[in-house]
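Here is how names work: the chains are called A, B, and so on, in the same order as the sequence lines, proteins then strands, and each is numbered from 1.
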Protein chains: 2
Amino acid sequence: MDTNYFQTLKELNLKATPKRLAILEIMALKPVYVSPEDVWQEMRMRFKTIGLPTVYRNLDELASGGVITKIINPDRQLYYFFCQKKHHHHHFICVFCHRIEELDFCAIREMETEFERKTGSKILSHIIQINGCCKKCRKGNP
Amino acid sequence: MDTNYFQTLKELNLKATPKRLAILEIMALKPVYVSPEDVWQEMRMRFKTIGLPTVYRNLDELASGGVITKIINPDRQLYYFFCQKKHHHHHFICVFCHRIEELDFCAIREMETEFERKTGSKILSHIIQINGCCKKCRKGNP
DNA sequence: TTATAAATAAAAACCTTTTTCATTTACGGA
DNA sequence: TCCGTAAATGAAAAAGGTTTTTATTTATAA
């Protein structure tokens with residue numbers, strides 16, 4: 001696992017401030033997805049002044065840079081996760097304890113039963129949604 | 001397509017108020033996903049008094065009853081769609097024009113390229129996420 | 001060491017969604 | 001058809017999460 005966060009930030013053209021480095025450290029250690037508020041709580045133990053907007057801004061920048069991943073939760077709030085796997089993969093998220101399991105396989109029905117059998121988890125729902133730009137809208141957009 | 005919305009509401013144990021019927025009519029005609037605000041705009045043309053909270057409440061009730069579907073949009077706002085297909089399926093959503101295409105197939109990589117080829121759309125991202133309750137959390141939860 | 005652009009704190013604003021509560025309405029049973 | 005009751009609604013306010021603004025501080029390249 002890469003822990004040279006100074007380098008990571010440089011590559012994103014972000015200044016390596018103590019707070020950014022701390023956010024990366026905190027994120028990298030979590031086996032669960034976290035809200036900006038969660039990160040803020042931890043940051044307040046390390047810094048005597050740290051604003052919630054700073055946490056929001058930094059998490060957003062890190063996600064834009066691909067260092068962390070936004071998590072889609074049915075509650076529609078903002079969550080982030082530091083993925084260990086760098087290749088294409090999907091997630092099982094426990095909406096109770098927020099733990100994430102990074103999945104290696106990618107089919108669906110099969111995936112679900114196989115996954116439940118292997119892990120003892122109960123799948124409540126899944127989201128498969130393709131986001132894009134339709135033919136009509138392609139004139140002038142991505 | 002079933003248009004007996006009075007019956008639909010009865011089956012959900014909801015009173016068939018003019019406003020509920022109107023919301024169903026509006027939703028059923030839309031080939032796009034809509035926000036509560038969108039629905040409210042249309043409702044205001046039909047009723048001289050109609051509150052936004054009423055629209056929120058009714059959309060939520062209809063979604064709980066499975067008549068309409070909540071749409072997961074990367075912008076994390078609330079959207080709904082009246083699905084024509086009643087069996088298991090997924091969606092392609094255009095985040096520009098909000099049009100939805102209901103998909104018949106369910107694999108992923110293959111699905112994407114096939115879909116782009118057939119429709120001329122450009123896929124920007126996809127979400128595959130399995131939501132559930134992990135082994136640890138199953139003690140006392142669903 | 002200094003200049004400069006970027007990052008931050010603090011406060012306020014924003015916007016969507018939900019709650020509260022008094023009033024009105026739908027509708028099953030007289 | 002009329003009533004009684006639970007459900008639905010409007011209006012206003014509150015809640016809650018997220019973003020913007022602005023003055024100040026900081027990282028870093030020259």
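Put simply, CG on D75(A) is 11 Å from P on dT18(C), counting in whole angstrom units. Distance CG (D60(A)) to C1' (dA7(C)): 14 Å, rounded to an integer number of Å. Atom-to-atom, CG of L78(A) to C1' of dT16(C) comes out at 15 Å; the value is rounded to the nearest Å. One interatomic measurement links the two molecules: CG of L21(B) to C1' of dT9(D), which rounds to 15 Å at whole-angstrom precision. When rounded to the nearest whole Å, the span between CZ of F47(B) and P of dT24(C) equals 18 Å. Residue L52(B) contributes atom CG, which lies 9 Å from atom P of dT17(C) at whole-angstrom precision. Atom NZ of K19(B) and atom C1' of dG10(D) are 8 Å apart (whole Å). Rounded to whole Å, the distance from CZ on R76(B) to C1' on dT16(C) is 11 Å.
Ring pair H98(A)/Y79(A) is perpendicular by interplanar angle, where above 60° counts as perpendicular and below 30° as parallel.
No more than 12 heavy-atom neighbours from other residues, nucleotides or ligands sit within 6.0 angstrom of NZ on K135(B).
Of the inter-residue distances, the one linking Q84(A) atom CD with E102(A) atom CD reads 6.0 Å to the nearest 0.5 angstrom.
Taking the side chain of N58(B) as heavy atoms from C-beta on, and the options dT9(D), dA9(C), dT18(D), the nearest nucleotide is dT9(D).
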Using a 3.5 Å cut-off and no angle test, enumerate the donor-acceptor pairs between side-chain atoms of residues 16-32 of chain B and protein atoms at least two apart in sequence or in another chain.
from	atom 1	to	atom 2	distance (Å)
T17(B)	OG1	R20(B)	N	3.2
K19(B)	NZ	T49(B)	O	2.9
R20(B)	NE	N58(B)	OD1	3.1
R20(B)	NE	E61(B)	OE1	3.4
R20(B)	NH1	K15(B)	O	2.8
R20(B)	NH2	E61(B)	OE1	3.0
E25(B)	OE1	R46(B)	NH1	2.9
K30(B)	NZ	E42(B)	OE2	2.5

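Among the heavy atoms of the strands, none lies under 4.0 Å from E37(A).
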Completion exercise
With B for base contact, S for sugar-phosphate-only contact and - for none (protein heavy atoms under 4.0 Å), nucleotides 20-30 of chain D reads B------BS--
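Neither OP1 nor OP2 of dA6(C) sits under 4.0 Å from any side-chain N or O of N13(A). Contact check, Y56(B) against dT17(C): a side-chain N or O comes under 4.0 Å of OP1 or OP2.
In terms of modelled atom types and a separation under 3.5 Å, the side chain of T54(A) and the main chain of I50(A) share no donor-acceptor contact.
Of all non-hydrogen atoms in C133(B) and C94(A), the two that sit nearest each other are CA-SG, 4.0 Å.
Each ring-ring contact (aromatic ring centres under 6.0 Å, His included) pair with one or both residues in residues 37-62 of chain B, not counting sequence neighbours, would appear here, but there are none.
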